[in-house]
Amino acid sequence: MAAVAQPSPGLFAAVLQAMRVADPWSQPMASVMSGLIGHLTAAEAECLPEALAGVLPLLRRDRNRLLFAAEIAARLDYFEVTGAMADLALDLRDRDLLLEAATLCGNPAVQVPTRDRVLAAVSDDPAGRMRIDPDAVPSTIEEERLYLQCWPGARRSGSRFALAPAVVLDRTLDALGALRLSIRLDAAGASVRRLARHAEVPPWFGPETVLVCHPMTRSRVLSRFPGFSERQILLDEIPPDDRDMGSLLRRINAALDGPQRLELHAPGSDVEPAVWDPDVFTAGVYPTREAAFLAGAAASSLNYLHRRRILVPREFVGGRCWNFRDVVAVRTWRYLSSQTPRRVSSRVVKALAKFAGDSEAVQLGATSEGDVLVDRGTGWVNAETGQRALGLAITEIDAVFRPFEYGAGTAVGLLQASPNTRLHPTTLNGTPHLEGHRISAKALASVDARCRREAIEAAYPELEGAAFEDVVDVGLRLLKAG
């Protein structure tokens, strides 16, 4: 039998750091998890549930973050976390934590002794029993709503409740791709379930359920539920780098048989919708070397584009300055070039530089031939001509915002350059800054070139106890680039 992979110390540290710096009162799960998974390998993504289980006990003295981490596990259906969560819930006598464990117990992959412990602990509490037992009988409207949310296979056409559609992901799919898809699905209003290879097939499969799986899993599900529609089964590999993730989300939406649909207009991607707003997309003031650093290019590339009149920066006494749209345009060119051995036309830079933003855009895309496309929730159209795009190889600009390798270097994440470093075109002229503070990364780095925490805390007392070392590192790289 093959050895089960275990989380590395580095993965434990990364998960703990993500939970400790998260703001459980206002920060959405997608933001926390996207920042965490941006640097995970496929092997680390496979071990992420076990790492989260190992971190939970370390949060026991911080109930808000403990419950936030437990909610993340429940919403991603990380059934591997159930044992650790149940231990803490029983030890702390915390009903909210126990209910999160009960939610995970609805997955048949949870070990029977763990499920029995949680079932005994919830006793006659219907909020717990509805989550665990598909044979439970609701006695109130509220219990019925909860039951149908937990067991979507029991839903029927014409239901009086508007419930989240369920998307079941085959546990044998690529772990990193499945995690990215899960985050997008959760943000779009879906209930995510994970079907383990050797576990019993649960009663999840009804008119508001879609299964994304490999062929063997399809056979297992249809053998258990022969009435489940083939139309609601997508035999698919999950896109590894999210370039086609939007297309997969739309296919999942189209496969839903009931009235409920994914909210694809919601922030279901790593890029905040406001970024495409014309007043935001064209904002920002970046000196040439900082713009080049953020674009993943050399300063000479920006100067070349200026000489060719492909980009027209603003001229100041101190030199040229570029806006956020210019940075995205050059970064897209560099990203496309890093993904193919073929030459990518710089026409894409000119096309993006002409695009002034679109407040209704759910997604922005580009082709290597230089077309810019907008999806307003109804499919891709050419931003310039308005014609519907058919049969084009489209790169979603969301992918461009994440870190990527180019030549001998790595382009940092654009909107999130490190776990605690954010960038928004309308904040501090768009320069990277410490999340939650109007303090630029360059300002932190310039306080003390040796990055001494004491010197930085003396200059910014409000940062005592805050995590900012990664922001200082980004600031140092910006100072060297400048």
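Ring orientation note: the planes of F401 and W276 are nearly perpendicular, at an angle over 60° on the 30°/60° scale.
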Practice prompt. Go through L364 and V275 one step at a time and tell me if the side-chain contact (heavy atoms from CB on, under 4.5 Å) criterion holds.
Written response: CA-CA 10 Å; L364 193 67; V275 168; over 6 Å; no
Worksheet item: Which is it for F68 and L59 under the side-chain contact (heavy atoms from CB on, under 4.5 Å) test, yes or no, and what are the steps along the way?
Response: CA-CA 10 Å; F68 186 52; L59 301 173; over 6 Å; no
Worksheet item: S191 and Q149: side-chain contact (heavy atoms from CB on, under 4.5 Å), yes or no, with the steps?
Response: CA-CA 8 Å; S191 174; Q149 183 61 65; 3.8 Å; yes
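Using a 4.0 Å cut-off between charged side-chain N and carboxylate O, E143 and R129 make no salt bridge. A salt bridge links R250 to D375: one of the charged nitrogens lies within less than 4.0 Å of a carboxylate oxygen. Using a cutoff of 4.0 Å between basic side-chain nitrogens and carboxylate oxygens, D91 and R60 are scored as salt-bridged. Salt bridge annotation for R171-E80: present, with a cationic side-chain nitrogen under 4.0 angstrom from a carboxylate oxygen. Using a 4.0 Å cut-off between charged nitrogen and carboxylate oxygen, R63 and D96 count as a salt-bridge pair. Salt bridge absent: D77 and R193 never bring a charged side-chain N and a carboxylate O closer than 4.0 Å. A salt bridge does not link R20 to D62: none of the charged side-chain nitrogens sits closer than 4.0 Å to a carboxylate oxygen.
Side chain of S223 to backbone of S219: no donor-acceptor contact under 3.5 angstrom is found. Not one N or O on the side chain of W151 forms a donor-acceptor pair closer than 3.5 Å with the backbone of F205. Although no hydrogens or angles enter the test, the distance criterion places a donor-acceptor pair under 3.5 Å between the side chain of R115 and the main chain of C105.
You'll find the side chain of L88 stays beyond 4.5 Å of the side chain of D94, heavy atoms only.
A donor-acceptor pair shorter than 3.5 Å cannot be found between the side chains of S123 and D125. Side-chain contact of R131 with T103: a donor-acceptor pair under 3.5 Å is present, judged by distance alone.
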